[in-house]
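Below is one structure, written out as structure tokens; the observations come after it.
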Amino acid sequence: MIRKLNGELISYIHNRKVSLTHIEEDIGLLKIDNQTVGKCPFSYTKSEIEKVEQMAKTRRVYIEDDEVLYKDLSVGTLIDYKG
């Protein structure tokens, strides 16, 4: 998962953008392809997303998001990821 500067966690799984945002205590907001799915338990959902990432094959993906924490990742950067 990639953490953006605003705290949103982003992953690409099976060619879908999955984002998880921490709202309060252990509650998060889950979005798939920029459509809100709903509220969820943050820690459980994060761990399940990480499990799915580990099971998937490594691929290269085009990152469309900007303002990620890592300086070497910018708009259009190809990175290795499991998804």
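For reference, positions follow the sequence shown, starting with 1. For the numbers below, each heavy atom of this structure counts, side chains included, while hydrogens, waters and symmetry mates do not.
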For this session: Determine whether L29 and T36 make a side-chain contact, defined as any pair of heavy atoms from C-beta on separated by less than 4.5 Å.
Result: yes
Seminar exercise, completed: To the nearest 0.5 Å, atom CD1 of I27 lies from atom OG1 of T21 at 13.5 Å
For this session: I would like to know whether I13 and I49 meet side-chain contact (heavy atoms from CB on, under 4.5 Å); could you show each step before the answer?
Result: CA-CA 9 Å; I13 301 172; I49 291 172; 3.9 Å; yes
Exercise. Are the side chains of L20 and C40 in touch, meaning some heavy atoms are under 4.5 Å apart?
Worked result: yes
Exercise. When you check the gap from the basic side-chain N to the acidic O, do D33 and K17 get nearer than 4.0 Å?
Worked result: no
Exercise. With S19, which of K4, K31, E8 fulfils side-chain hydrogen bond (donor to acceptor under 3.5 Å, both in side chains)?
Worked result: E8
Exercise. Hey, are the side chains of E50 and M1 touching, using non-hydrogen atoms and a 4.5 Å cut-off?
Worked result: yes
For this session: Please test K46 against L9 for side-chain contact (heavy atoms from CB on, under 4.5 Å), starting from the C-alpha separation and ending with a verdict.
Result: CA-CA 9 Å; K46 182 180 176 200; L9 298 170; 3.9 Å; yes
Exercise. Are I32 and I23 in one and the same hydrophobic cluster, where Ile, Leu, Val, Met, Phe, Trp and Tyr link if side-chain heavy atoms are under 4.5 Å apart?
Worked result: no
Seminar exercise, completed: In this structure, OG of S43 is separated from NE2 of H22 (nearest 0.5 Å) by 8.5 Å
